[in-house]
Amino acid sequence: MTPSVIGIDLGTTNSLAAYVRDGKPRVVRDATGAALVPSALCFPGDGSVLVGTPAKARALADPEHTIFSVKRLMGRTLAELAKELPLIPHQIIERDAEAGRKVLHVEVGGREYTPEELSAMILREVRQRAGGATKAVITVPAYFDDAQRQATRDAGRIAGLDVLRIVNEPTAAALAYGLDRRKQGLVAVYDLGGGTFDCSILRLADGVFQVLATNGDTRLGGDDFDRALMAVVARDLGVDLSARDAQLLQHLRDQAERVKIRLSALPEAEFAIDLPDRAMKYRRRFTRDELETLIAPEIDRTLARCRSALKDAGVTVGEIDEVVLVGGATRVPLVRRRVEELFGRKPHTELNPDEVVALGAAVQADILTGGRKDMLLLDVVPLSLGIETLGGVVDKLIYRNSAVPARARTRYTTAVDNQTAVEINVYQGERELAEDCRPLGKFKLAGIPPMPAQFAQVDVTFLVDANGLLTVSAAEQRSGTSMKVTVQPAHGLSEEEIERLVLESVDCAHADFQARLLIELRNKAEGELRHTEKGLAAAGDRIPAEGRQAIEQAIAAVRAAQSGADPQPLRAALDGLAAATRPLAEEMMNAVVSAALKGQSPDSLSLDSPGVES
Ligand code: ADP
Ligand code: MG
């Protein structure tokens with residue numbers, strides 16, 4: 001039984017899905033028990049795409065063909081990414097689309113992709129692991145603005161998902177812990193992921209959730225702990241971390257993360273580098289105390305952000321009733337201690353911190369599809385929304401941290417005589433001047449009958465819906481002229497582009513499937529060949545010579561088909577091998593049975609089944 005509705009945590013570092021069964025949320029795990037899919041993609045150049053762990057393994061060694069942290073690019077403009085660009089080893093291009101829209105493209109592996117398409121590849125992998133679910137709730141950080149939420153929704157659609165709702169990550173985490181069952185209360189959610197930190201303050205009242213405030217640092221996370229360890233080792237080794245030695249960097253990073261993770265459970269761990277081709281051999285023990293000294297300043301910075309969040313929410317630390325830890329990096333014991341110290345209470349850690357957001361998203365998906373009907377969720381507007389008025393000043397209609405759905409209306413008038421149209425420029429941001437805020441879109445209310453200046457009455461209404469998406473409407477009261485637009489971000493994908501990408505992904509589905517099939521068949525062939533060779537060595541002399549010859553021929557056929565690009569001949573060759581080896585298998589089976597009857601150990605004839613060896 002596969003779930004049709006899932007919750008997805010589309011993370012900067014890791015992504016995963018969860019679903020509700022028998023009223024209980026569970027994460028989707030693969031055969032090895034792993035739930036996290038690293039949010040990394042690799043384009044090796046042969047047309048295939050690696051998603052997740054295999055891509056992460058190559059992230060630093062092959063930076064040209066790999067991409068990670070796509071989430072940082074979602075719904076952003078080139079100008080907004082100015083600070084990030086030096087950190088991204090890819091060409092990022094902004095292309096003009098119709099209606100003055102701009103679309104961001106990333107060049108990787110010799111092709112261009114939009115951030116939405118790249119995120120869709122991760123979502124598709126997560127979706128596939130969940131048995132191809134068709135409906136999903138996807139989470140985003142509470143501070144994501146309209147364009148970033150829209151981009152996330154579009155990525156879901158490209159991945160073939162019906163996105164039921166975009167939900168804030170802290171809200172999902174609180175839901176996973178069932179905190180909605182409290183009658184009243186204030187919850188602090190501390191989320192330290194791979195590269196980002198957020199602290200959100202939520203209020204609950206009679207099953208209603210409201211995000212009061214959110215604060216954080218988009219450049220602070222568990223990866224900084226890795227870098228602190230890497231810096232120590234680099235000093236020991238006398239290597240320059242800024243040098244473009246991709247392979248060495250990959251080794252150092254993998255080791256650093258491993259050591260960090262071990263130190264969450266053990267008092268000490270060894271950092272080992274063994275690169276014979278460079279004559280580099282290095283060992284160093286790190287103690288937990290050492291790591292704690294290295295990362296204490298970073299943790300202090302997160303606590304300062306928590307205090308700001310409390311202040312923004314207008315609550316004191318003593319008023320907080322529950323604290324929830326989210327993000328893999330909160331497994332670090334020092335993080336737990338310091339958070340407990342700050343809030344003066346034990347944080348919730350019963351659920352895995354890197355799974356709790358997906359679990360909560362699954363609960364929300366369940367609520368939306370009727371599994372639970374007793375909940376209403378409220379989120380907040382992350383940045384103030386307003387329109388430009390005379391002199392380039394932004395008049396804010398909806399303030400930052402207002403609960404959604406939110407509605408606000410203000411009346412404006414015309415500036416000059418006989419003005420028949422007013423242009424409405426919508427901005428997002430906290431600053432006073434339009435040039436310092438982010439333009440969300442503009443539209444013109446035309447058809448106002450000629451009137452003296454100051455005579456027209458233009459009512460502008462802002463409505464932010466439950467998904468955080470903004471609709472602006474304007475109506476001239478005296479003439480009844482009105483207009484309404486859903487504010488499409490001034491960049492990002494158009495409806496047609498999304499449609500095209502959805503179709504394209506259906507087109508590619510076949511090619512993707514063929515590629516996967518070929519890989520699976522090649523692996524199967526490896527196993528069968530090994531198994532047959534073992535069998536020949538053990539019992540080959542007990543079958544007729546023609547039988548042996550047939551097997552040798554079948555082996556050669558499999559080998560020849562293995563390197564081909566078409567799965568069909570390989571499948572046929574494998575079928576041929578199976579037929580040719582039947583007498584051998586029977587011979588071996590007889591030997592095992594008679595050995596067992598005689599009470600002898602049939603060890604030398606062990607019949608390992610093909611395909612299970614990996
Ligand atoms: P994101 O929300 O950014 O996608 P996660 O919540 O999955 O990411 O957190 C990933 C971070 O958590 C990484 O830096 C990873 O090394 C770190 N992490 C995972 N497990 C542990 C652990 N046991 N101890 C310390 N850090 C850990
Ligand atoms: Mg996360």
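Indexing begins at 1, ligand by ligand and atom by atom, following the structure's order.
Heavy-atom proximity to Thr12, at under 4.0 Å, picks out these atoms of ligand 1: 4 (O). Taking every heavy atom of Gly327 and a limit of under 4.0 angstrom, the matching atoms of ligand 1 come to 6 (O). Set against the non-hydrogen atoms of Gly11, the atoms of ligand 1 under 4.0 Å away are 4 (O). Counting the atoms of ligand 1 from 1 in the order shown, those under 4.0 Å from a heavy atom of Gly194 are 1 (P), 3 (O), 8 (O), 9 (O), 10 (C), 11 (C), 13 (C), 14 (O). Residue contact check: Asp223 has heavy atoms under 4.0 Å from atoms 14 (O) of ligand 1.
The shortest N or O to N or O distance between Lys260 and ligand 1 is under 3.5 Å. Of the polar atoms of Asn14, at least one N or O is found under 3.5 Å from an N or O of ligand 1, judged by distance alone. The shortest N or O to N or O distance between Thr13 and ligand 1 is below 3.5 Å. For Asp191, no nitrogen or oxygen atom sits less than 3.5 Å from a nitrogen or oxygen atom of ligand 1, counting backbone and side chain alike. In terms of polar-atom proximity, defined here as any N/O pair under 3.5 Å, Gly328 does make such a contact with ligand 1. Residue Val332 has no N or O atom closer than 3.5 Å to an N or O atom of ligand 1. Backbone and side-chain nitrogen or oxygen atoms of Leu36 are examined, and none is located within less than 3.5 angstrom of a nitrogen or oxygen of ligand 1.
No side-chain heavy atom of Val323 sits under 4.5 Å from any side-chain heavy atom of Lys346. The shortest side-chain heavy-atom distance between Gln148 and Val140 does not fall under the 4.5 Å cut-off. Put simply, the side chain of Tyr177 does not reach to within 4.5 Å of the side chain of Val187, judged on heavy atoms. Looking at Asp354 and Asn14, their side chains never come closer than 4.5 Å, going by heavy atoms from C-beta outward. Counting heavy atoms from C-beta on, the side chains of Leu104 and Leu78 come closer than 4.5 Å. Contact check for Ile166 versus Phe144: no side-chain heavy atoms found under the 4.5 Å cut-off. Two residues are said to be in side-chain contact when any heavy atoms from C-beta on lie closer than 4.5 Å; Leu342 and Arg307 meet this criterion. A 4.5 Å side-chain heavy-atom check between Leu161 and Ile8 finds at least one atom pair inside the cut-off.
Atom 20 (N) of ligand 1 has its closest protein heavy atom at Arg331 NH1, 3.6 Å. Looking only at protein heavy atoms, the nearest one to atom 2 (O) of ligand 1 is Gly193 CA, 4.0 Å. Here the heavy atom of the protein found nearest to atom 15 (C) of ligand 1 is Glu257 OE2, 3.3 Å. Scanning all protein heavy atoms for the shortest distance to atom 25 (C) of ligand 1 gives Ser264 OG, 3.2 Å.
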Margin query: As a quick check of understanding, evaluate side chain to side chain contact (heavy atoms under 4.5 Å, CB included) for Asp198 and Val326, giving each step before the final call.
Written below: CA-CA 9 Å; Asp198 299 292; Val326 180; over 6 Å; no
Notebook entry, point to check: Where do Tyr190 and Phe343 land on the ring-ring contact (aromatic ring centres under 6.0 Å, His included) test, with the steps shown first?
Noted result: CA-CA 11 Å; Tyr190 177 104; Phe343 289 100; 7.8 Å; no
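Here the options are His251, Arg258, Gln250, the test is side-chain hydrogen bond (donor to acceptor under 3.5 Å, both in side chains), and the partner is Asp254; only Gln250 passes.
Among Ala329, Ser69, Gly222, Ser39, the residue whose heavy atom lies nearest to atom 12 (O) of ligand 1 is Ala329.
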